[in-house]
Amino acid sequence: MSYTILGASYFSSVERDQWKSCRKVIFWKCELWMVLTTIFVVLFLVILISLVLYSNVYTDEDDYWDADALLQSGNYHNFSGKFKLMCSLPHLFIDDITKKLMDVYSSSPALGRYFRSAQVVHFSNETSTVFYQLEFSVPPSAEGFMENLMDPDFIRNILRQNIYDEEDTFYPGTSECNTLKLDPDSLT
């Protein structure tokens with residue numbers, strides 16, 4: 001029994017010696033445990049404050065826009081183009097093509113907020129060629145807006161991407177033409 005008491009006292013003195021190293025005075029009256037705790041708390045507070053400030057200060061300009069002010073600004077830009085239909089349908093009307101253009105550009109994440117209208121200027125049933133015009137509202141002061149977002153190639157490629165997306169949903173081997181299909185190579 002004296003052995004267990006002696007062993008227990010030995011282990012308790014070893015435990016005290018390990019914690020004794022944390023009580024070493026590093027500088028002035030600050031002990032090691034105080035310095036480590038202070039570093040941890042300061043690091044935690046710096047991270048917390050930076051997260052709070054970042055979330056309150058940063059606002060993404062693309063998330064906040066006034067649609068009414070944009071539409072009433074009076075700055076408009078028109079784009080004209082043409083494309084061919086893959087096959088002409090006997091029941092196809094200009095309204096169907098206009099609706100297709102309206103749906104494509106109004107649902108575009110990049111241009112939807114700027115898009116105002118689309119109209120078919122001329123439709124030839126003989127050659128299945130459609131001439132169309134698009135109208136966009138342009139912000140009054142936006143550096144690089146016309147060069148980047150209102151680039152004619154960018155606007156044309158939005159319609160082209162929509163055509164390719166629709167082709168992926170159709171069965172590739174079918175020759176039936178029962179819906180409005182556009183030729184992506186004919187876009188100008």
Side-chain angles (χ1 to χ4, degrees), residues 49-188:
I49 290 171
S50 64
L51 287 175
V52 168
L53 288 177
Y54 180 76
S55 66
N56 287 337
V57 173
Y58 179 75
T59 55
D60 189 5
E61 295 172 7
D62 291 336
D63 290 342
Y64 303 100
W65 53 281
D66 187 9
D68 293 331
L70 185 63
L71 292 176
Q72 296 172 1
S73 69
N75 296 333
Y76 304 115
H77 197 77
N78 296 325
F79 290 94
S80 298
K82 74 174 184 172
F83 57 83
K84 289 187 177 186
L85 300 175
M86 296 290 268
C87 54
S88 65
L89 299 170
H91 61 277
L92 186 65
F93 297 106
I94 292 176
D95 294 339
D96 296 330
I97 299 169
T98 303
K99 183 179 181 326
K100 169 79 173 170
L101 290 170
M102 294 282 286
D103 290 343
V104 167
Y105 285 102
S106 63
S107 66
S108 167
L111 295 176
R113 71 180 77 169
Y114 307 110
F115 179 70
R116 288 197 46 107
S117 67
Q119 75 179 60
V120 174
V121 178
H122 178 70
F123 174 61
S124 171
N125 243 350
E126 295 172 358
T127 61
S128 297
T129 304
V130 176
F131 293 89
Y132 65 95
Q133 185 172 7
L134 305 172
E135 184 179 52
F136 294 91
S137 295
V138 180
S141 62
E143 278 186 43
F145 181 79
M146 293 303 293
E147 293 84 21
N148 298 325
L149 205 56
M150 288 294 155
D151 180 41
D153 290 332
F154 181 70
I155 292 172
R156 181 179 59 242
N157 287 334
I158 287 180
L159 182 56
R160 180 173 286 143
Q161 182 63 46
N162 183 272
I163 294 168
Y164 288 136
D165 289 346
E166 284 183 352
E167 284 180 359
D168 291 343
T169 60
F170 294 123
Y171 297 105
T174 61
S175 63
E176 295 180 25
C177 191
N178 52 12
T179 61
L180 178 62
K181 293 182 185 177
L182 310 178
D183 182 13
D185 297 329
S186 67
L187 284 173
T188 60

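Computed from a predicted model, the values in this text were never measured in an experiment.
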Novice: Quick one: pull up CZ in Phe79 and CD in Glu135 and give me the separation to the nearest 0.5 Å.
Specialist: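 Spacing of CZ (Phe79) from CD (Glu135) equals 11.5 Å.
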
Novice: Is any NZ, NE, NH1 or NH2 atom of the basic residue among Lys100 and Asp103 found under 4.0 Å from an Asp or Glu carboxylate oxygen of the other?
Specialist: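 Salt bridge absent between Lys100 and Asp103.
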
Novice: How many angstroms lie between atom CG of Leu159 and atom CG of Leu111, to the nearest 0.5 angstrom?
Specialist: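 CG of Leu111 is found 11.5 Å from CG of Leu159.
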
Novice: In Å and rounded to the nearest 0.5 Å, what is the CD to OG1 distance from Gln133 to Thr98?
Specialist: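 One gets 11.5 Å once the value is rounded to the nearest 0.5 Å.
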
Novice: Using the six-membered ring wherever Trp is involved, compare the ring planes of Phe131 and His122 and label them parallel, tilted or perpendicular (cut-offs 30° and 60°).
Specialist: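 Ring orientation of Phe131 relative to His122: tilted.
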
Novice: Take Ile163 and Val104 through the side-chain contact (heavy atoms from CB on, under 4.5 Å) test and state the conclusion after the steps.
Specialist: CA-CA 9 Å; Ile163 294 168; Val104 167; over 6 Å; no

Novice: May I ask you to decide if the ring planes of Phe83 and Tyr132 are parallel, tilted or perpendicular, using 30° and 60° as cut-offs?
Specialist: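 If you compare the ring of Phe83 with that of Tyr132, the planes turn out tilted.
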
Novice: Taking Ile155's backbone N and O only, do any of them form a donor-acceptor pair with Tyr105's side chain (distance below 3.5 Å, no angle check)?
Specialist: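 Side chain of Tyr105 to backbone of Ile155: a pair is present.
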
Novice: Show your reasoning for whether salt bridge (charged side-chain N to carboxylate O under 4.0 Å, His left out) applies to Lys99 and Asp96.
Specialist: CA-CA 5 Å; Lys99 183 179 181 326; Asp96 296 330; over 6 Å; no

Novice: What's the separation between atom CE in Met102 and atom CG in Leu134, rounded to the nearest 0.5 Å?
Specialist: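 That separation rounds to 10.0 Å.
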
Novice: Once rounded to the nearest 0.5 Å, what's the spacing between atom CZ of Arg113 and atom OG of Ser106?
Specialist: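 Reported value, rounded in 0.5 Å steps: 14.0 Å.
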
Novice: What's the separation between atom CG in Asn78 and atom CZ in Arg116, rounded to the nearest 0.5 Å?
Specialist: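 One gets 10.5 Å once the value is rounded to the nearest 0.5 Å.
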
